[in-house]
Amino acid sequence: MAAQSRQTKVLVTLLVSIVICTIILNTLGHNPPSAGAFCLSQYYRLVPVEKLIRSREVEHPGYWKWIEIYYDEGGSDGLLLSGIDSGIEKLDSQSGVSNQEDMDCHFIICNGRIGLDGQIKSTEKWKKQLPVTRTPDNNMRSAWQNEQTIYICIVTNSNTPQPTNFQIKRADVLVEELCREFNVKSESILYPNNGRY
């Protein structure tokens with residue numbers, strides 16, 4: 001008799017906890033609790049890097065020898081002038097950032113204010129495998145080296161010039177994939193401020 005009473009108590013407690021959890025989950029709906037430093041559900045909404053580095057033109061693996069990452073405040077240094085604004089989220093993730101070819105980079109990593117946080121957009125320069133005529137942050141390389149450089153722009157906020165955790169993670173994944181695909185050596189990667197982020 002005592003065993004049956006105990007089983008009944010456990011069953012009732014289990015049913016009550018299931019009902020309470022169901023109510024809590026239904027209350028949250030599709031609005032999960034705010035993410036901390038890293039949230040997989042937000043990360044998985046982003047397009048895989050492997051798809052982003054594909055281009056319309058024939059890729060020449062031996063051509064790209066350098067990767068340079070630099071920061072740009074959203075809207076400064078011509079980003080808005082080049083057609084990148086808050087409407088970037090509405091663009092198809094495969095279609096690139098802009099139809100203009102005067103972008104000063106090959107890839108843009110968005111910050112949440114412009115595009116989704118960590119979203120990578122390839123520019124027309126990358127899709128057509130064209131070099132960028134950007135003046136590099138350090139003038140230690142010659143003109144032909146600058147021409148063989150893949151430029152990655154990390155968009156930052158003007159009040160916080162540091163990249164977000166998503167941007168750092170996505171930049172690392174992008175750089176790793178570019179190095180693997182085009183055989184770029186790790187010493188040929190130039191980070192902002194002569195350091196890693």
Any chance you could lay out the side chain to side chain contact (heavy atoms under 4.5 Å, CB included) test for Ser122 and Ile53, step after step, and finish with the verdict? CA-CA 8 Å; Ser122 57; Ile53 66 169; over 6 Å; no

Only one of Leu190, Ile150, Val175 forms a side-chain contact (heavy atoms from CB on, under 4.5 Å) with Ile69, so which one is it? Val175

Would you compute the distance between atom CD of Gln119 and atom CZ of Arg170 and round it to the nearest 0.5 angstrom? 8.5 Å

Output, in order, the C-alpha distance, side-chain angles, deciding distance and verdict of side chain to side chain contact (heavy atoms under 4.5 Å, CB included) for Glu147 and Trp66. CA-CA 9 Å; Glu147 190 174 287; Trp66 295 81; over 6 Å; no

More than 12 heavy atoms of other residues, nucleotides or ligands under 6.0 Å from CD of Glu50: is that the case? yes

Using 0.5 Å steps for rounding, measure from the CD atom of Glu68 to the SG atom of Cys153. 11.0 Å

So, Thr13 side chain and Lys9 main chain: donor-acceptor pair closer than 3.5 Å or not? yes

Among Pro192, Cys105, Pro163, exactly one meets side-chain contact (heavy atoms from CB on, under 4.5 Å) together with Ile154. Which residue is that? Pro163

Please tell me whether Phe182 and Trp126 form a close aromatic pair, meaning their ring centres lie under 6.0 Å apart. yes

Indicate, with yes or no, if Ile18 and Val10 share a hydrophobic cluster defined by side-chain heavy-atom contacts under 4.5 Å among Ile, Leu, Val, Met, Phe, Trp and Tyr. no

Give the C-alpha distance, both sets of side-chain angles, the deciding distance and a yes or no for side chain to side chain contact (heavy atoms under 4.5 Å, CB included) between Phe107 and Leu178. CA-CA 11 Å; Phe107 295 98; Leu178 288 170; 4.1 Å; yes

Say you draw a straight line from CG of Asp72 to CG of Asp104; how long is it, rounded to the nearest 0.5 Å? 6.5 Å

One should read off an interatomic distance between Asn26 CG and Ile23 CD1, to the nearest 0.5 angstrom, of 8.5 Å

Distance check, rounded to the nearest 0.5 Å: Leu25 atom CG versus Cys21 atom SG? 6.5 Å

So CG of Leu52 and CD1 of Ile120: to nearest 0.5 Å the spacing works out to 5.5 Å

Side chains of Ile67 and Thr149: closer than 4.5 Å at any heavy-atom pair? no

Between the main-chain N or O of Gln129 and the side-chain N or O of His106, is there a donor-acceptor pair closer than 3.5 Å? no

Hey, is the main chain of Ile109 close enough, under 3.5 Å, to the side chain of Gln167 for a donor-acceptor pair? yes

Answer yes if the side chains of Asn111 and Tyr71 hold a donor-acceptor pair under 3.5 Å, and no otherwise. no

Output, in order, the C-alpha distance, side-chain angles, deciding distance and verdict of side chain to side chain contact (heavy atoms under 4.5 Å, CB included) for Ser5 and Thr8. CA-CA 5 Å; Ser5 174; Thr8 305; 5.6 Å; no

Single-linkage hydrophobic cluster, 4.5 Å side-chain cutoff, Val16 and Ile24 together: yes

Thr164 and Asp117: side chain donor to acceptor below 3.5 Å: yes

Do Trp64 and Glu181 meet the criterion of a side-chain donor-acceptor pair at a distance under 3.5 Å? no

